[in-house]
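Chain naming here is simple, since letters A, B, ... match the order of the sequence lines and numbering starts at 1 in each.
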Protein chains: 2
Amino acid sequence: MQLGRRKLQILQAVIQDYISSGEPVGSRTIAKKYGMGISPATIRNEMSDLEEMGYLQQPHTSAGRIPSDKAYRLYVDKLMETRNLTPDEAQRIREICNQKTTEIEEIIEQVANILSDITNYTSVVLGPRLNKVLIRRIELIAIDRQYALLLVVTSAGIIKDTLIRIPDNIDAGYLERISNMLTKYYRDKTFADVNIKHATDLQKELMRQKEFIRNILDALTNSIANKRQSDIYLGGTANIFNFPEYQDIIKARDFLNLMENKDILYNLFSQYEEDDVVIVIGTENEYNEMQDCSVVMGTYSIGDKVLGSMGLIGPTRMEYSKVVSIMRHVGESVSNYLTLLFKE
Amino acid sequence: MQLGRRKLQILQAVIQDYISSGEPVGSRTIAKKYGMGISPATIRNEMSDLEEMGYLQQPHTSAGRIPSDKAYRLYVDKLMETRNLTPDEAQRIREICNQKTTEIEEIIEQVANILSDITNYTSVVLGPRLNKVLIRRIELIAIDRQYALLLVVTSAGIIKDTLIRIPDNIDAGYLERISNMLTKYYRDKTFADVNIKHATDLQKELMRQKEFIRNILDALTNSIANKRQSDIYLGGTANIFNFPEYQDIIKARDFLNLMENKDILYNLFSQYEEDDVVIVIGTENEYNEMQDCSVVMGTYSIGDKVLGSMGLIGPTRMEYSKVVSIMRHVGESVSNYLTLLFKE
DNA sequence: ATTAGCACTCTCCCTTTACGAGTGCTAATC
DNA sequence: GATTAGCACTCGTAAAGGGAGAGTGCTAAT
């Protein structure tokens, strides 16, 4: 069977109506609201075909139809019209650039809040990824007699800092020497490449100050793993209650548990680093905990280097066209702002 | 009317039963389960008295009784027996000290997770407060040609760092001079005391490098306000669904909205900084959003200096004795561990 | 090919009914 | 005088019944 022009029109009408109402859509509704000069009976026939083709489904015999994931996929790929921002949305997005802070974490947190506020979905924003970023400089700064700050400057301007306990009999000159060594060996490497193997000077030093050097190296190599845990910002987790499909307490709980599971979120968002927006609809998602949801993912960058991901999660009947356009604009705005701040 | 021994026993039985079941408690249940050699009819009479005195209430005429906030208050003050930790709980608490990290934020985040895990309530942990802590040293460290790191070492060993943009024509010597100036004026002051008024050298410098100096001072004074926003760690927000009183979707949503409102949480937890555990029951709470909940609050310290607050939030029929003992032990463990790490 | 008409299905919501848990009161008992 | 058995009464809940309404699929007419 072919997906003719009229079938497409009807499918589009069903999808749009269902997205905005959340109720199964009947033939009469379509004939009235989206009247295209054909009677409900004709529409019924077409809908029956669309069901056979896997684009529509019926919750029960005497109900209207709802779109399948396949239908949403077709919709976002072919049917959906891009939508402009409302003045209010544009205004909120502009707020990203009006921050008092220059700390990337705080900017990102605010992005999460703005995203969830203007879309009414749940937002997820990942902090800058350290796994692709190159180390530029490593510096040990004495804080007091017991601690030094391990400071890492990276190609994305991000600073990773950790407190390191220093042994007793150690002076500032020694710290500087180690700093230079570290910078020498690991400059232009990633955190994953940090390794003692070919760093002969460091190996010697490891003999003398075993615990100290080990702590430093651990801090460097662990930074990716640690970031993973802590650098996920959520916004509007309670927004999910706005949707009738989540009035069921069990579904709502499962959703919230999912949002607390940082590992799944991290893995999900790490898979994609396209420049443009990526949409994952319902069962297209490999995590079964999320097969009732759709995710719209975007990225933010410094210059042309993708730095991190963000996304909006909601029911599969998400307002894709709104969400996609907002995600694009937010991505651009954040990237521009960050580039302005951090690009050399 | 007097609260005799028998009335107390009955009240305690009602409270304990209601805490564990969540169902209104009837006279027969008490006679059977907590049999104290008196008949249901006698218990009914006593319960009727207890209701008159404001300790019990009936959801409706033909239901059992549930304890009032006043009853819980009496219970936690007088009736409750302290309970020992189970081996499993003790084990989980010990995990706090087995961390790889020395970053206080990560430790605190894990504390939030452990608290909610072992209690099954929602945990809130506030990061270290900056408003009581004294500045020890301020240091500007050049990162590259555009940015310097503003580093503040405080009496609680906490380091507050911010990126500051530096003007073009500036050398390392200048940064050092400013650092010394800042340390000179603000050493042993709090962040709230940072002010340009009596800092004559700085005023002069402000003329020359207006934006730069202003940025530094802003970063210092804003640090408290900024911390407020970002330094609240939540654990187990979805735990609230475990309780039948939150099966109502509206209640659950209100609770979760509350947990997203960092301002309320911050204010609530800032009020108390007792050494011992503080319990706020239902309507004792000044925020009406929380009058269905109880909060058990504790603190953690470095040495004998209280550093931050933490708490567990749940329905008023909370397992107070369990929660209080866990809160005490966690407080001790965190404090010991932090003291070990940071105390000079 | 399209459409009007109609019987049929299924959900939702309302009412009714029955049941059970628990109470308060009264009168008997220790 | 305190305690208790007995009993009528109340109220919430769960199950059962009964439209109403929305929507379908099929058939026959256009």
[X] [atom1] - [N] [atom2] separation (whole Å):
{"X": "A:Lys33", "N": "D:dG23", "atom1": "NZ", "atom2": "P", "answer": "11 Å"}
{"X": "B:Arg44", "N": "D:dT10", "atom1": "CZ", "atom2": "C1'", "answer": "14 Å"}
{"X": "B:Ile43", "N": "D:dA2", "atom1": "CD1", "atom2": "C1'", "answer": "15 Å"}

For this session: Map A:Pro24 and B:Ala41 onto DNA chain D by nearest heavy atom, then report which one ends up closer to the 5' terminus.
Result: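 Nearest-nucleotide comparison on DNA chain D picks B:Ala41.
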For this session: Any strand is fair game: report the nucleotide pairing with D:dT27 by Watson-Crick or G-U wobble, both distances under 3.5 Å, or none.
Result: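 Matched D:dT27 with C:dA4 under the 3.5 Å cut-off.
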For this session: Look through every strand shown and name the nucleotide pairing with C:dC30 as Watson-Crick or G-U wobble, where both distances are under 3.5 Å.
Result: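 Because both required distances fall under 3.5 Å, C:dC30 counts as paired with D:dG1.
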For this session: Heavy atoms of chain A, cut-off under 4.0 Å: which first and last nucleotide of DNA chain C, 5' to 3', fall inside that, if you could look?
Result: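 Range of nucleotides touched by chain A: C:dT2 to C:dT11.
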Exercise. For A:Thr283, does its backbone N or O pair with a side-chain atom of A:Asp69 as donor and acceptor, under 3.5 Å?
Worked result: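 The answer is yes, because a donor-acceptor pair under 3.5 Å joins these two groups.
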Could you tell me whether [X] and [Y] have a side-chain N and a carboxylate O separated by less than 4.0 Å?
{"X": "B:Asp77", "Y": "B:Arg73", "answer": "yes"}
{"X": "B:Arg92", "Y": "B:Glu89", "answer": "no"}
{"X": "B:Glu245", "Y": "B:Lys251", "answer": "no"}

Exercise. Should the ring pair B:Phe243 and B:Tyr121 be called parallel, tilted or perpendicular, given that the plane angle runs from 0 to 90° and is split at 30 and 60?
Worked result: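 Parallel.
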Exercise. Testing A:Leu258, A:Val280, A:Leu234, A:Leu265 for side-chain contact (heavy atoms from CB on, under 4.5 Å) with A:Ile313, which one passes?
Worked result: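 Between A:Ile313 and the candidates, side-chain contact (heavy atoms from CB on, under 4.5 Å) is satisfied uniquely by A:Leu265.
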Problem set entry | Strand contacts (DNA chain C) in residues 54-68 of chain B, 4.0 angstrom heavy-atom criterion |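 Heavy-atom contacts with DNA chain C come from B:Gln58, B:Thr61, B:Ser62, B:Ala63, B:Gly64, B:Arg65.
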Exercise. NZ/B:Lys322 to CG/B:Asn84 distance, rounded to the nearest 0.5 angstrom?
Worked result: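 B:Lys322 atom NZ to B:Asn84 atom CG measures 14.5 Å (nearest 0.5 Å).
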Problem set entry | Considering all heavy atoms, the nearest B:Asn239-B:Ser116 contact |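 Looks like ND2-O, 3.4 Å.
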Exercise. Is the distance from OP1 or OP2 of D:dT3 to the nearest side-chain N or O of B:Thr42 less than 4.0 Å?
Worked result: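 So the side chain of B:Thr42 is outside the cut-off, no N or O lying under 4.0 Å from OP1 or OP2 of D:dT3.
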